[in-house]
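The structure appears right after this line, and notes come after that.
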Amino acid sequence: MKYINSSTGLMMVLLLVVAGCGKQSSEEAEQQTGESSSVVAEGARLTSVTGDYNFDTAGSPLYMDGSYYFTNNNFEQPEQSRTMRKSPSGQIDTLRVDNGVTTTLQASGNGTIYACEMLGHRVVELNTDGEVIRVVADEYNGTRIDGPNDIVVDDKGGFYFSDSQFIAGGEKMQETPAVYYVNAEGEVIRVIDDIEFPNGMGLSPDGSTLYVANTRGSHLLACDVNSDGTVTNKRNFAELQIPEGAQESGADGMAVDSQGNVYVATTQGIGVQVFDNEGNHIQNISAPTATNNVSFSGEQNNVILIAAQDGIYQIQGKHAGS
């Protein structure tokens, strides 16, 4: 998500982003993806998961137990933002209205879903019908968190979340944008406090490296993960492509596959940028409109799931998600 200090200005930025990248046809997106890709299966084509459903801004794609979960956020009228589900039968239902402008849905590993409520200023746990079970994190050091944006779950019962302070004109309570770690005991620890706009995150397959997207920066960042969830050795990992005329990468949601390849959705019209585990650029995966998130789906967890401005798309990948 991009940052601005008013809801009106926010809508203008979103419109400029969409206008700047333009809407491609599915055929154009397919041609740009190509058949000789290193991460896309040969001959695979981008297809729509959500069909002709009319979105304000589609986002947060999550595949669980045969169902697709996603959001439809309205930044001009936040109370109209919705959490939705497409069932295995193909039916699309609204699970929750006025969802706090949920920017990320992430499987908890316990059959439930973690959700970042950006304008609700909290991270919550949902059941599979979209109902809030509990608040997982809503403050740090006794003070309300600002704009939780993305989540990545580790294998130790904890998870990281980014707070980009993207609060659309509301008062900022924390002194800085940050990345936090919530350990298995529920303790909230600030682990990074010097990234201008922390957004999407991912973990390497062995859990030893945390990747963080800086929306306003030109590089994807990497940190070494310590046994207690804290991180060290923050560094530039990969250089993001920025189209001519753009001022920032627009790096947004992220995913990592079983080979350690890192997928970064970008809002500047380039699509999903893919890098190998050493930070070398592999390819871009295009979508009809600006992309904001990426994950994996399918029975083998090897279908690349992409959230774009106008819907949720998928394309067969070569590798399973980590």
Side-chain angles (χ1 to χ4, degrees), residues 1-3 10 56-62 64 69-75 78-79 81-85 95-110 112-128 130-140 143-154 158-168 170 172-174 176-183 186 188-192 195 197-203 210-215 251-255 264-265 267 292-295 305 307 312:
M1 289 290 140
K2 284 184 162 298
Y3 173 81
L10 169 57
D56 292 302
T57 301
S60 312
L62 169 65
M64 279 182 60
Y69 295 84
F70 48 91
T71 57
N72 181 18
N73 287 328
N74 187 319
F75 296 94
E79 69 279 2
S81 296
R82 301 167 182 262
T83 300
M84 312 189 72
R85 177 179 62 199
L95 302 182
R96 187 178 175 210
V97 180
D98 196 8
N99 66 6
V101 184
T102 293
T103 53
T104 295
L105 300 170
Q106 184 67 258
S108 69
N110 299 311
T112 56
I113 300 169
Y114 289 141
C116 281
E117 294 185 0
M118 186 177 68
L119 298 190
H121 314 293
R122 62 182 190 168
V123 179
V124 297
E125 186 174 5
L126 311 174
N127 65 20
T128 53
E131 300 166 334
V132 176
I133 301 170
R134 66 185 179 108
V135 176
V136 183
D138 61 354
E139 62 178 40
Y140 172 70
T143 301
R144 188 209 75 194
I145 58 177
D146 288 315
N149 199 319
D150 199 17
I151 289 177
V152 62
V153 178
D154 67 13
F159 66 89
Y160 296 89
F161 74 89
S162 58
D163 182 350
S164 57
Q165 294 190 314
F166 183 83
I167 54 178
K172 296 178 183 179
M173 302 300 291
Q174 296 293 334
T176 181
V179 174
Y180 297 89
Y181 180 66
V182 182
N183 63 24
V188 180
I189 306 165
R190 182 181 286 170
V191 296
I192 304 175
I195 299 176
F197 197 111
N199 198 325
M201 296 182 298
L203 282 166
L210 174 71
Y211 301 105
V212 184
N214 177 11
T215 298
D252 209 321
M254 187 187 309
V264 185
T267 61
N292 61 69
N293 217 326
V294 58
S295 59
L305 199 59
I312 308 298

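Only this structure's heavy atoms are used, side chains among them; waters, hydrogens and symmetry mates stay out. As the structure is a prediction and not an experimental result, all values here were calculated from the model.
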List the steps and the verdict of side-chain hydrogen bond (donor to acceptor under 3.5 Å, both in side chains) for Asp150 and Tyr160.
-> CA-CA 8 Å; Asp150 199 17; Tyr160 296 89; over 6 Å; no

Holding to side-chain contact (heavy atoms from CB on, under 4.5 Å), I want the full list of residues that pass it with [X], two or more places apart in sequence or in another chain.
X      : value
Ala178 : Tyr180, Arg190
Leu95  : Tyr69, Arg85
Ser60  : Thr71, Leu105

side-chain contact (heavy atoms from CB on, under 4.5 Å) between Asn183 and Ile189, worked out = CA-CA 8 Å; Asn183 63 24; Ile189 306 165; 4.1 Å; yes

Closest non-hydrogen contact found for Ala255 with Val294 is CB-O, 3.6 Å

Thr215 and Ala251: which non-hydrogen atoms are nearest, and at how many Å?
->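 For Thr215 versus Ala251, the nearest heavy atoms are OG1-O, 2.7 Å.
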
Ile312 vs Leu305, side-chain contact (heavy atoms from CB on, under 4.5 Å): CA-CA, chis, key distance, verdict = CA-CA 7 Å; Ile312 308 298; Leu305 199 59; 3.8 Å; yes

Would [X] and [Y] count as having a side-chain donor-acceptor pair, cut-off 3.5 Å?
X      : Y      : result
Thr267 : Asn292 : no
Asn127 : Thr112 : no
Asn199 : Ser162 : no

How would you list, by chain and number, every residue that makes a side-chain hydrogen bond (donor to acceptor under 3.5 Å, both in side chains) with Asn293, sequence neighbours excluded?
-> none

Residues in side-chain hydrogen bond (donor to acceptor under 3.5 Å, both in side chains) with Asp98, at least two apart?
->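 With sequence neighbours excluded, Asp98 shows a side-chain hydrogen bond (donor to acceptor under 3.5 Å, both in side chains) to no residue whatsoever.
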
Any side-chain heavy-atom pair from Asp252 and Val264 closer than 4.5 angstrom?
->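 Counting from C-beta outward, Asp252 and Val264 never come under 4.5 Å.
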
Can you tell if the side chain of Arg82 reaches within under 4.5 Å of the side chain of Arg96, non-hydrogen atoms only?
->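 With C-beta onward as the side chain, the pair stays apart.
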
Determine, stepwise, if the pair Ile133 / Leu126 fulfils side-chain contact (heavy atoms from CB on, under 4.5 Å).
-> CA-CA 5 Å; Ile133 301 170; Leu126 311 174; 5.8 Å; no

Between Val135 and Val123, is a side-chain contact (heavy atoms from CB on, under 4.5 Å) present by the stated rule, with each step listed?
-> CA-CA 6 Å; Val135 176; Val123 179; over 6 Å; no

Not counting sequence neighbours, list each pair that qualifies as a salt bridge (charged side-chain N to carboxylate O under 4.0 Å, His left out) and has a residue in residues 131-140.
->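 Non-adjacent pairs meeting salt bridge (charged side-chain N to carboxylate O under 4.0 Å, His left out): Glu125-Arg134.
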
Out of curiosity, His121 NE2 to Asp146 CG, how far, rounded to the nearest 0.5 Å?
->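 If we round to the nearest 0.5 Å, His121:NE2 and Asp146:CG are 7.5 Å apart.
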
